[in-house]
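A short write-up of the structure that comes next.
Small disclaimer: the values here were computed from a predicted structure and weren't measured.
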Amino acid sequence: MKHIVKRGHHTEAYDPKKLYASIYAACLSVREHPGSAELIADRVTSDFGKWLEKKHEVTSNDIRKNAHDLLQTINPDAAHIYLHHRVIW
């Protein structure tokens, strides 16, 4: 099981559903068709999983940077939103 080091320095297990949801939301925010957004999120999540297999532990920033780079090749506008949008609670 891969562990993610969060900004608060605690760790949690990698959950591909979280990455999928954030990529999907970024695509929808730039008016990508929902079906296309699903395909893009699937592809980025899958490609990211292949990258992650080679790692023991990564940070949240590593995830954001790598997922952004993968998304950039498919939809640069969604990649920009994904990289720069953070929900503040």
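No side-chain heavy atom of Ile4 sits under 4.5 Å from any side-chain heavy atom of Thr11.
Under the 30°/60° scheme for interplanar angles, the aromatic rings of His80 and His84 are found to be tilted.
No single ILVMFWY cluster, assembled from side-chain heavy atoms under 4.5 Å apart, contains both Leu52 and Val5. In this structure, Tyr82 is not a member of the same hydrophobic cluster as Tyr24, with clusters built from ILVMFWY side-chain heavy atoms closer than 4.5 Å. Ile63 and Leu70 fall within the same hydrophobic cluster, where Ile, Leu, Val, Met, Phe, Trp and Tyr residues are linked whenever their side-chain heavy atoms come under 4.5 Å apart, directly or through other members. Linking Ile, Leu, Val, Met, Phe, Trp and Tyr residues whenever their side-chain heavy atoms come within less than 4.5 Å leaves Val30 and Leu39 in two separate clusters.
Between Lys18 and Glu12 there is a salt bridge, since a side-chain N of the basic residue sits under 4.0 Å from a carboxylate O of the acidic one.
A donor atom on one side chain and an acceptor atom on the other are not found under 3.5 Å apart for Asp42 and Thr45.
The shortest heavy-atom contact between Ala37 and Glu32 is N-CG, 3.8 Å. Minimum interatomic distance between Leu19 and Ala67 (heavy atoms only, all atoms of both residues): CD1-CB, 3.7 Å.
Atom NE2 of His10 has more than 12 neighbouring heavy atoms from other residues, nucleotides or ligands inside a 6.0 Å radius.
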Take Asp15 and Tyr20 through the test side chain to side chain contact (heavy atoms under 4.5 Å, CB included) and record every step on the way to the result.
CA-CA 9 Å; Asp15 183 358; Tyr20 178 96; over 6 Å; no
Residue pair Phe48, Tyr14: steps toward the side chain to side chain contact (heavy atoms under 4.5 Å, CB included) verdict
CA-CA 11 Å; Phe48 180 81; Tyr14 169 67; 3.4 Å; yes
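The distance from atom CG of Asp77 to atom SG of Cys27, rounded to the nearest 0.5 Å, is 10.0 Å. Atom OG1 in Thr73 sits 10.0 Å away from atom NE2 in His68 (nearest 0.5 Å). A distance of 4.0 Å separates CD1 in Ile74 from CZ in Arg43, rounded to the nearest 0.5 Å.
Considering Asp62, Asp69, Asn61 as possible partners of Lys65, the one that fulfils the side chain to side chain contact (heavy atoms under 4.5 Å, CB included) test is Asp69.
Under a 3.5 Å cut-off, the side chain of Ser29 and the backbone N or O of Ala26 do form a donor-acceptor pair.
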